[in-house]
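Structure first, then comments.
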Amino acid sequence: MKHVVHIVPKDIEIEVEHGTSLKDAAGDFGIDFPCGGKGVCGNCQVELLSGKIEMTGKHREILERKGLPTDHWRLACYSTVTDDITVMIPEREQVILSDNDNVGLKGEDGLCIAVDLGSTTIVAQLIDRNDGRTLCTQAEINVQNKYGADIISRIAYSIKDKANRQEISVQTRKQIGRMISNLLAETGNSSIRKVVLVGNSVMHHIFCNLDLAPLSAYPFQSPSNQAVKFRPAELDWNLDNDCEIIFMPNISHFVGSDILAGIIQLGMAESGNWNAMIDLGTNGEIVIGDKDRMVCSSTAAGPAFEGVNITNGMRAITGAICHVDEATGTAEVIGKTKATGICGSGLIDAIHHFLKKGLIENGGNLADDSISCLPIADGISLDGRDVREFQLAKAAISTGFELLLKELGIGMEQLEHIYVSGGLGTYLDIRKARELGLIKSCTDSQTIKAGNTALAGCRKMTYDCSAGNIDKVLGIIRHVSLETSPDFQDRYCENLFF
């Protein structure tokens, strides 16, 4: 039996099998929900305009908790299609980090494309090699979100069987291929010399259709971190046969080519001074070094900053609280609409505000035992578990930073700059991050917001894949396993405190 699902306001009409998940059906048409589909946060709200969607007790409970009428509201992750239905899914604006700066290298003939394959978003840019100009940009939510909002869910899906691994790889390649076609259609160009892709190690493996099993179990090391080259026909991309396509190499397990691109962009391997980069995205990667020595590591910090495991957490899209006024506690919402959740920058601001007001203790407990949560906006609040999730994330970042400094035998004061990159890094209030212990630096001026260094570095690589001495970077950088340090546990516990 099949049923018709009509989605407005996009005016999409699809036919699905009886019992199909509404979340999966919508996801196949690029409709994104600000959650991981785990049935916890209640942010995948849809309005049922006609037809029936049955509810479980848990489904009803979450709707009531969110203050939504149960007669015509549903959660996509709890809904299965058993009837012809019409649903309204609000369109949301996604904050996607990009820029259009010139590459600034010597002119070469032809056009090329830089692709930043992020876990949450994908950004592709068409570059004129003659003058380094960015001609146009395409940005979309990563289609992989329908397989899980977090990296672990996607690894689990991929390793379940070879068909799953093939499916998620093909879907990713199709999406990027379509984005490239859109770039060419937008400018009327058709001849592309080179396509360069960067991403974290899991994105690298998924795109290249490599076995993810080594990244799912200890010691979490894959033998397949090298650069991978393709021809258009292999990917079913409508490009000239002589177009070179390359996914740049990972630095190590869980430190991918997006971080390599960031190092290239910032010139860290060309500097005689010590510099550091902290990338606050899906993971929390840290690099410290100079032209002779460099160390890096990855911490399990990013998910909290993207709303994972936060009660009302969500990504930086329409409806997300992105800032909280330090004095008044007034929330600023993306899209100037009713708040439906809170994203990473809002979470940091809110905790800073409550800490300064004495409503959160230095140890992380709520100061008043008689209350269970701290309200931020109508229907949105933080509870003790949310504060703890933030503490775990910020302790991971600050501990990793300290241990890498120790590995090099240098102090914080010897760092010329601390670059903060990634989506959260762009909107972060540096002073608040310092006061909470998320980012440790000697002064605010020492810390610099660097933007999307992965995309900027990728653009450089479209000119020359040895730009910035990539081989040199890979030769001098060393991955440090933080958990093997005898100081890790003590420092981590210390860094939990505010």
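If you're wondering where the values come from, they're calculated on a predicted model, not measured in any experiment. We number each residue from 1, following the sequence as shown.
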Looking at [Y], is its backbone amide N or carbonyl O close enough to the side chain of [X] to form a donor-acceptor pair, meaning the two atoms are under 3.5 Å apart?
{"X": "Gln414", "Y": "Gly411", "answer": "yes"}
{"X": "His205", "Y": "Ser201", "answer": "yes"}
{"X": "Ser257", "Y": "Val198", "answer": "no"}
{"X": "Asn312", "Y": "Ile342", "answer": "no"}
{"X": "Lys194", "Y": "Ile245", "answer": "no"}
{"X": "Lys440", "Y": "Phe401", "answer": "no"}
{"X": "Ser271", "Y": "Asn273", "answer": "yes"}
{"X": "Thr443", "Y": "Gln446", "answer": "yes"}
{"X": "Gln391", "Y": "Gly363", "answer": "yes"}
{"X": "Asn495", "Y": "Arg491", "answer": "yes"}

Heavy-atom side-chain proximity of [X] to [Y] below 4.5 angstrom:
{"X": "Met268", "Y": "Trp274", "result": "no"}
{"X": "Phe254", "Y": "Asn200", "result": "no"}
{"X": "Asn365", "Y": "Ile360", "result": "no"}
{"X": "Leu117", "Y": "Ile176", "result": "yes"}
{"X": "Val295", "Y": "Val287", "result": "no"}
{"X": "Leu212", "Y": "Val202", "result": "yes"}
{"X": "Leu474", "Y": "Pro249", "result": "yes"}
{"X": "Glu285", "Y": "Ser297", "result": "no"}

Tell me whether [X] is salt-bridged to [Y], with the criterion being a basic N under 4.0 Å from an acidic carboxylate O.
{"X": "Glu270", "Y": "Lys291", "result": "no"}
{"X": "Glu244", "Y": "Arg193", "result": "no"}
{"X": "Glu326", "Y": "Lys432", "result": "no"}
{"X": "Glu435", "Y": "Arg431", "result": "yes"}
{"X": "Lys174", "Y": "Asp236", "result": "no"}

From [X] [atom1] over to [Y] [atom2], what is the distance, rounded to the nearest 0.5 angstrom?
{"X": "Phe390", "Y": "Leu496", "atom1": "CZ", "atom2": "CG", "result": "11.0 Å"}
{"X": "Arg388", "Y": "Ile310", "atom1": "CZ", "atom2": "CD1", "result": "12.5 Å"}
{"X": "Asn142", "Y": "Ile122", "atom1": "CG", "atom2": "CD1", "result": "4.0 Å"}
{"X": "Ser158", "Y": "Arg165", "atom1": "OG", "atom2": "CZ", "result": "8.5 Å"}
{"X": "Ile192", "Y": "Asp240", "atom1": "CD1", "atom2": "CG", "result": "8.5 Å"}
{"X": "Lys460", "Y": "Ile127", "atom1": "NZ", "atom2": "CD1", "result": "13.0 Å"}

Looking only at the side chains, is there a donor atom on one of [X] and [Y] sitting less than 3.5 Å from an acceptor on the other?
{"X": "Asn145", "Y": "Arg154", "result": "yes"}
{"X": "Thr172", "Y": "Gln144", "result": "yes"}
{"X": "Gln125", "Y": "Thr137", "result": "yes"}
{"X": "Asn275", "Y": "Asp290", "result": "no"}
{"X": "Ser421", "Y": "Asp279", "result": "yes"}

Please confirm whether the ring centroid of His253 lies under 6.0 Å from the ring centroid of Phe220. no

Would you say the ring centers of Phe498 and Phe354 fall short of 6.0 Å from each other?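 When the ring centroids of Phe498 and Phe354 are compared, they turn out to be at least 6.0 Å apart.
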
Between Ala377 and Ile321, which heavy-atom pair has the shortest distance, and what is it? CB-CD1, 3.9 Å

Which pairs count as salt bridge (Lys or Arg N to Asp or Glu O under 4.0 Å) when at least one residue sits in residues 251-261, sequence neighbours excluded? none

For Tyr157, what residues pass the ring-ring contact (aromatic ring centres under 6.0 Å, His included) criterion, not counting sequence neighbours? Tyr147

Tell me, yes or no, whether the heavy-atom count around Arg231 atom CZ, taken from other residues, nucleotides or ligands under 6.0 Å, exceeds 12.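 Counting other residues, nucleotides and ligands, CZ of Arg231 exceeds 12 neighbours.
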
